[in-house]
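Just so it is clear, the structure is predicted and the values come from calculations on it, not from any experiment.
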Amino acid sequence: MRWTTLAVAVAVAGTVGRSTAAAVPRPSRSIRHHAMNSRADRVIAEGLRRLKAERGEAQVGAPAPFPAPQYVTQPQDHFDKTNNNTWSQAFYVNDKYWKGPDSKAPIFVCVGGEGPPLDGSVVVSSVHCNNAVEWLEETGALMLAVEHRYYGCHNMSACPVASFASSSALRFLSSRQALADLANFHSYAVARWKLTSDNKWISWGGSYPGMLAGWFRLKFPNLIHGSVASSAPVQAQLDMQGYNDVVASAYSVSDNNVGGSPACTAAIAQGHATIKQMFATASGRNQLSSAFGMPAAYFEDPQNQAGFAGNGVAYFPAQGNDPTCTEPGCNIKEICTVMTDTSKGDPVHRLAELRKGQLSWLGSTPTDPLPEDPRAGDADYWGFQTCTEFGFYQTCEVGSQCFYAQGYVTLASMDSFCQEEFGIAQPQIAQSIDETNAYYGGSSPAGSCVLYPNGEVDPWHSLSVLTPPGNGIQVLMVPGASHHAWTHPSAPSDQPSVVTARTHIRQVVTQFLGQGCEQPNATQTLA
């Protein structure tokens with residue numbers, strides 16, 4: 001869930017490169033921790049995979065076989081009674097520890113969405129809802145996971161439309177349709193497993209699935225008893241300036257093995273500000289050519305300037321920060337080690353050194369176009385939803401806290417995307433955002449028995465629920481954590497705050513299960 005730019009810049013520049021001629025900011029598919037859906041992140045993931053293979057390191061994950069998909073029939077359009085078309089939605093089941101309907105054991109439902117498409121690993125060991133999976137034996141719960149109608153859709157027989165080639169193929173894509181799918185699935189599951197009201201349902205999800213998981217409880221409180229809506233940016237917003245503001249602040253976080261510092265943030269900001277000034281003169285462009293190994297003439301074109309520095313001249317993870325990686329410049333700690341090392345020269349030369357180090361494991365060169373996206377022919381699901389429901393256009397405006405070169409990635413520079421791709425003008429986008437917030441309640445939702453955990457260095461927390469809105473909703477800030485890091489399989493290398501967060505989440509869900517969901521407000525900040 002991030003906006004990037006189309007540019008000649010390399011993958012580590014945080015951009016999506018298609019050609020050397022374009023630098024018009026456009027939305028990429030979602031970028032999230034371990035969900036490599038943008039071309040840049042796929043290159044990064046492949047670089048890490050290649051290194052691990054060379055070292056003989058095993059892939060993380062549970063052993064096969066995983067549960068096979070099962071299917072439930074869904075209406076193509078829940079809100080048009082004249083439309084009788086149906087489709088088969090995939091779901092997955094782990095009933096290994098299920099004690100049966102008479103046991104009063106709970107039902108855990110993992111909500112699908114953007115990110116890695118669901119497969120059988122989702123109910124065994126995956127990044128999606130593993131905090132629920134790891135609790136199955138203790139609770140005796142039945143674990144279910146429902147694939148999203150578009151983001152899942154692992155083959156065309158499990159999609160709501162026959163083809164994505166049509167310009168109208170995305171008309172059934174909305175959060176409300178997805179919630180209606182979940183409600184319909186609930187009815188199916190109750191009948192199939194002979195569930196009773198004593199088998200209380202808890203919905204789980206992270207990122208957009210976290211949004212849906214929380215809304216499932218809030219909009220269907222008669223079906224869902226409680227929810228853990230991890231890293232869920234539920235406040236739709238047109239100009240999401242807060243994203244890059246939080247990215248900058250993340251590089252000042254030092255605890256829980258993050259390894260940042262205010263000096264690091266300042267150096268990155270100073271380096272980008274200086275680079276923008278250097279674009280303006282021949283001598284400056286020559287110096288950039290020498291430092292970064294690119295032709296000086298390249299830096300004359302404003303589009304190239306935007307592509308090179310508008311989203312960072314290197315890869316700056318925050319949403320996907322992984323404190324355990326060791327490749328050069330792969331996380332905040334590694335980056336700040338370079339950016340605070342004055343022996344490497346001024347901040348511009350430190351940025352150049354950082355970029356060079358990242359290229360050593362990305363396997364790319366400064367002017368290489370990124371590899372073609374094997375899914376490039378797919379419809380842009382997330383782009384469509386930004387235009388029709390959420391906005392979330394991440395900018396780096398002049399005067400913001402963004403530490404990239406400010407003034408290139410602006411809302412104005414993104415105006416044309418929705419019109420060109422989907423025929424949606426900006427006034428329609430703004431109206432849709434207002435309708436979304438009015439319908440769901442934004443960052444002040446009405447309801448109870450929902451926990452909103454967020455990570456401190458995750459930029460999406462800027463649009464989540466950070467303060468209990470005067471009802472039974474709880475919030476949790478996880479120090480030093482990235483995008484729903486606690487939903488991943490537990491590992492010895494986990495940050496202490498993530499370990500503590502998992503324990504706290506269990507305690508809150510236990511509280512939900514033991515009461516009528518009219519609990520008092522509670523704000524928790526983990527030490």
Side-chain angles (χ1 to χ4, degrees), residues 66-95 107-120 122-123 128-129 142-195 199 201 203-205 208-209 211-213 215-224 375 377-385 387-389 422 432 436 439-440:
F66 295 127
Q70 302 181 45
Y71 299 91
V72 59
T73 300
Q74 293 282 10
Q76 186 181 55
D77 189 338
H78 291 274
F79 309 109
D80 181 0
K81 300 308 178 185
T82 66
N83 184 342
N84 296 318
N85 295 330
T86 61
W87 61 288
S88 297
Q89 184 173 38
F91 67 94
Y92 300 89
V93 180
N94 183 345
D95 58 4
I107 311 301
F108 292 165
V109 58
C110 181
V111 178
E114 45 67 73
L118 300 194
D119 57 28
V122 67
V123 292
H128 296 280
C129 301
L142 174 65
M143 183 77 193
L144 307 171
V146 183
E147 194 172 71
H148 190 276
R149 57 170 37 213
Y150 278 83
Y151 296 101
C153 201
H154 61 274
N155 58 58
M156 290 310 298
S157 66
C159 299
V161 293
S163 170
F164 291 114
S166 169
S167 60
S168 61
L170 302 183
R171 65 191 183 279
F172 306 113
L173 171 58
S174 73
S175 59
R176 299 189 197 191
Q177 294 280 7
L179 292 176
D181 287 339
L182 292 171
N184 194 55
F185 174 77
H186 181 282
S187 298
Y188 165 84
V190 166
R192 172 173 169 178
W193 281 281
K194 298 179 173 58
L195 305 176
N199 304 119
W201 287 60
S203 56
W204 307 73
Y208 176 50
M211 297 161 67
L212 293 174
W215 290 336
F216 193 16
R217 158 63 190 170
L218 296 175
K219 289 299 181 182
F220 297 92
N222 58 317
L223 306 182
I224 300 299
R375 288 173 53 92
D378 289 359
D380 187 353
Y381 308 140
W382 186 250
F384 180 77
Q385 286 196 273
C387 296
T388 58
E389 295 189 80
F422 309 111
S432 295
T436 296
Y439 184 72
Y440 293 117

How long is the gap from CZ on F108 to CG on N94, to the nearest 0.5 Å? 11.5 Å
Any chance you could lay out the side-chain contact (heavy atoms from CB on, under 4.5 Å) test for W201 and R217, step after step, and finish with the verdict? CA-CA 9 Å; W201 287 60; R217 158 63 190 170; over 6 Å; no
Donor-acceptor under 3.5 Å (W87 side chain, S157 main chain): no
Distance from F185 atom CZ to L144 atom CG, nearest 0.5 Å? 4.5 Å
Heavy atoms, side chains only, cut-off 4.5 Å: are V111 and Y208 in contact? no
Taking C-beta and beyond as the side chain, do L142 and V93 meet within less than 4.5 Å on heavy atoms? yes
Can you confirm whether Y439 sits close enough to W215 that some side-chain heavy atom of one is under 4.5 Å from a side-chain heavy atom of the other? no
In this structure, CD of Q385 is separated from OG1 of T436 (nearest 0.5 Å) by 9.5 Å
In terms of the angle between their ring planes, are W382 and Y151 parallel, tilted or perpendicular, with boundaries placed at 30° and 60°? tilted
Heavy-atom check, side chain of M143 versus side chain of C129, under 4.5 Å: yes
Six-ring centre of F79, R176 cation under 6.0 angstrom, axis tolerance 45°: no
Who are the ring pair (Phe, Tyr, Trp, His ring centres under 6.0 Å) partners of H78, not counting sequence neighbours? none
Sorted by chain and number, sequence neighbours left out, side chain to side chain contact (heavy atoms under 4.5 Å, CB included) with S163 holds for A165
Side chain to side chain donor-acceptor pair (under 3.5 Å) against N184, all qualifying residues, sequence neighbours excluded: Q74
In this structure, SG of C387 is separated from CG of L170 (nearest 0.5 Å) by 10.5 Å
Output all residues satisfying ring pair (Phe, Tyr, Trp, His ring centres under 6.0 Å) with F220, sequence neighbours left out; order by chain, then residue number. F216
For residues P67 and V123, report the shortest heavy-atom separation together with the two atoms involved. CG-CG2, 3.7 Å
Apply side chain to side chain donor-acceptor pair (under 3.5 Å) to S175 and list each qualifying residue two or more places apart in sequence or on a separate chain. E389, Y440
Could you state the interatomic distance from OG1 (T388) to CG (L173), rounded to the nearest 0.5 Å? 6.5 Å
Find out whether L212 and L179 are in side-chain contact, i.e. whether some heavy atom of one side chain is under 4.5 Å from a heavy atom of the other. yes
H128 side-chain N/O to W204 backbone N/O, donor-acceptor pair under 3.5 Å: no
Using the test side chain to side chain donor-acceptor pair (under 3.5 Å), find all partners of S166 that sit at least two apart in sequence or belong to another chain. S168
Restricting to side chain to side chain contact (heavy atoms under 4.5 Å, CB included), what partner residues turn up for D80, sequence neighbours left out? D77, T82, N83
Check: V161 and Q76 side chains under 4.5 Å, non-hydrogen atoms: yes
Sequence neighbours left out, what passes side chain to side chain contact (heavy atoms under 4.5 Å, CB included) with R192? Give chain and number order. Q70, F91, Y188
Of all pairs that satisfy salt bridge (Lys or Arg N to Asp or Glu O under 4.0 Å), the ones with a partner from residues 148-169, not counting sequence neighbours: R149-D181
Those residues that, when tested against A90, pass side chain to side chain contact (heavy atoms under 4.5 Å, CB included) (two or more places apart): P69, Y71, E147, H154
Going by the rule side chain to side chain donor-acceptor pair (under 3.5 Å), which residues pair with S88 if we only count those two or more places apart in sequence or in a different chain? none
For H148 and A178 the tightest heavy-atom approach is NE2-CB, 3.8 Å
Student check: side-chain heavy atoms of P209 and E114 closer than 4.5 Å: yes
Return each pair, listed once, that meets salt bridge (Lys or Arg N to Asp or Glu O under 4.0 Å) where at least one residue sits in residues 151-169; pairs must be two or more places apart or across chains. none
